[in-house]
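Here is the structure we will look at.
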2 protein chains.
Amino acid sequence: MEPGDSTKQARAAAQLRKGVLEYCVLALMRDRPRYGVELLHALEDSGALATSQGTVYPLLSRLRRDDLVTTTWQESASGPPRRYYALTDSGRAALDEFTRVWPGFRNAVDAFLATPHPSTGDLA
Amino acid sequence: MEPGDSTKQARAAAQLRKGVLEYCVLALMRDRPRYGVELLHALEDSGALATSQGTVYPLLSRLRRDDLVTTTWQESASGPPRRYYALTDSGRAALDEFTRVWPGFRNAVDAFLATPHPSTGDLA
DNA sequence: CCTGGTTCCATGCGATGCAAGATACCTGGT
DNA sequence: ACCAGGTATCTTGCATCGCATGGAACCAGG
């Protein structure tokens with residue numbers, strides 16, 4: 001996906017990311033603290049959720065503002081210090097919430113796409 | 001889900017809807033033309049994608065503006081006339097695009113949520 | 001000193017969902 | 001004729017979010 005890509009497919013994928021990215025980032029921190037570029041690379045590797053720094057850093061700022069993550073600076077062997085992001089209790093709760101909500105949402109979309117007649121309610 | 005609901009769960013679901021609603025509405029028109037309130041009820045029935053008129057009508061306006069749907073007025077036996085929305089070729093193409101993109105996206109999110117270690121790339 | 005790689009962050013724009021309100025049509029009761 | 005209630009459409013203003021762009025700081029090597 002090149003930067004200047006503005007095809008319909010890219011547009012659909014872009015809209016799709018909205019709101020989900022936040023929780024995928026939280027999920028990445030579930031095991032251990034991560035730093036910005038690390039998260040960026042993990043999202044890139046996933047393919048469908050690849051994004052840019054201009055998206056991740058404001059997102060991380062919001063997470064910190066809402067007390068979903070805490071941060072600690074840590075020296076790096078090769079490069080400037082890294083700011084590591086770790087889940088707070090609120091952050092873990094939010095992630096759990098999302099994990100509960102997601103399957104229902106996913107199945108609903110699957111139903112709309114799969115079924116020829118996703119049931120308007122009537123059958124007459 | 002009450003109107004004034006602002007719990008974390010509702011917030012997560014709201015963010016989730018972004019970008020997906022458009023294509024679910026298109027999917028609902030796949031078989032036959034539908035009118036606003038009909039679409040609204042179908043979304044309500046799905047549970048996870050329930051929304052309000054203030055969301056659906058601007059969305060339908062955008063779809064019409066982008067030539068993804070065409071509309072025709074039709075009398076109703078009980079009530080004011082209804083504006084029926086039908087897919088255009090572009091609309092059907094957009095729906096197909098989304099149908100192609102969605103599984104990859106869905107699986108990516110599933111992977112992030114399910115796996116304890118969604119692979120930062122390293123395995124050492 | 002200067003180039004290049006790594007890491008962080010802020011600004012401005014466009015798009016989207018939503019609450020709230022406004023308008024119009026039809027039916028039925030008084 | 002009048003009014004209330006349900007059906008159906010649409011608009012306005014707000015908050016949020018993803019993203020392109022640009023900038024700043026730190027380290028290593030030539």
Side-chain angles (χ1 to χ4, degrees), chain A residues 1-6 8 10-25 33-41 43-44 48-66 71-85 105, chain B residues 1-6 8 10-25 33-41 43-44 48-66 68-69 71-85 105:
Chain A
M1 227 186 314
E2 294 91 43
D5 197 345
S6 63
K8 284 177 191 170
R11 187 174 155 275
Q15 298 306 335
L16 232 27
R17 275 186 272 275
K18 299 210 175 203
V20 179
L21 216 51
E22 175 181 343
Y23 297 98
C24 288
V25 166
R34 311 266 192 161
Y35 65 99
V37 175
E38 190 183 6
L39 295 167
L40 205 59
H41 287 153
L43 291 171
E44 239 170 66
L49 285 167
T51 183
S52 67
Q53 297 182 352
T55 296
V56 168
Y57 283 110
L59 168 62
L60 290 172
S61 291
R62 280 197 306 271
L63 258 36
R64 199 167 26 144
R65 183 199 60 190
D66 297 344
T71 66
T72 54
W73 284 96
Q74 208 163 325
E75 306 262 345
S76 166
S78 61
R82 300 164 174 172
R83 196 207 282 273
Y84 277 85
Y85 297 80
F105 174 82
Chain B
M1 223 185 314
E2 296 90 43
D5 197 347
S6 64
K8 285 176 189 168
R11 186 174 157 275
Q15 298 306 334
L16 231 27
R17 274 186 274 273
K18 300 211 175 204
V20 179
L21 216 52
E22 175 180 344
Y23 297 98
C24 288
V25 166
R34 310 267 193 163
Y35 64 99
V37 174
E38 188 183 6
L39 294 166
L40 203 59
H41 287 154
L43 292 170
E44 239 171 67
L49 286 166
T51 182
S52 68
Q53 298 181 350
T55 296
V56 168
Y57 283 110
L59 169 61
L60 290 172
S61 291
R62 279 196 307 270
L63 292 176
R64 198 166 28 145
R65 183 199 60 190
D66 298 344
L68 267 47
V69 300
T71 66
T72 54
W73 284 97
Q74 207 163 327
E75 307 262 343
S76 166
S78 61
R82 302 163 173 171
R83 194 206 283 273
Y84 278 84
Y85 297 81
F105 175 82

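Within every chain, numbering begins at 1; the chains are lettered A, B, ... in the order of the sequence lines, protein sequences first and strands thereafter. These numbers come from the heavy atoms of this one structure, side chains and all, not from hydrogens, waters or symmetry mates.
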Does C:dC18 have OP1 or OP2 under 4.0 Å away from a side-chain N or O of B:S52? no

Any base atoms under 4.0 Å from B:G36, or only sugar-phosphate, or nothing? Heavy atoms, all strands. sugar-phosphate

Rounded (10°) bend between the five-pair end axes of the helix from C:dC1-D:dG30 to C:dT30-D:dA1: 10°

Classify A:S76 by what it touches in the nucleic acid, base, sugar-phosphate, or nothing, heavy-atom distance under 4.0 Å. nothing

Just jot down the side chain to side chain contact (heavy atoms under 4.5 Å, CB included) partners of B:S76, sequence neighbours excluded, or say none. B:S78, B:R82

In Å and rounded to the nearest 0.5 Å, what is the CG to OH distance from B:L68 to B:Y85? 13.5 Å

Can you see if the side chain of B:R17 gets near the phosphate of C:dG17 - specifically, an N or O under 4.0 Å from OP1 or OP2? no

If you look at every strand shown and take non-hydrogen atoms under 4.0 Å, does B:Y85 touch a base, only sugar-phosphate, or nothing? sugar-phosphate

By the 4.0 Å heavy-atom rule, please label A:L21 as base, sugar-phosphate, or nothing. sugar-phosphate

Report yes if a donor N or O on one partner sits less than 3.5 Å from an acceptor N or O on the other, where the partners are the side chain of A:E22 and the base of D:dC17; otherwise report no. no

C:dT16 phosphate, OP1 or OP2, under 4.0 Å from B:R62 side-chain N/O: yes

Phosphate OP1/OP2 of D:dT11: any B:Y57 side-chain N/O under 4.0 Å: no

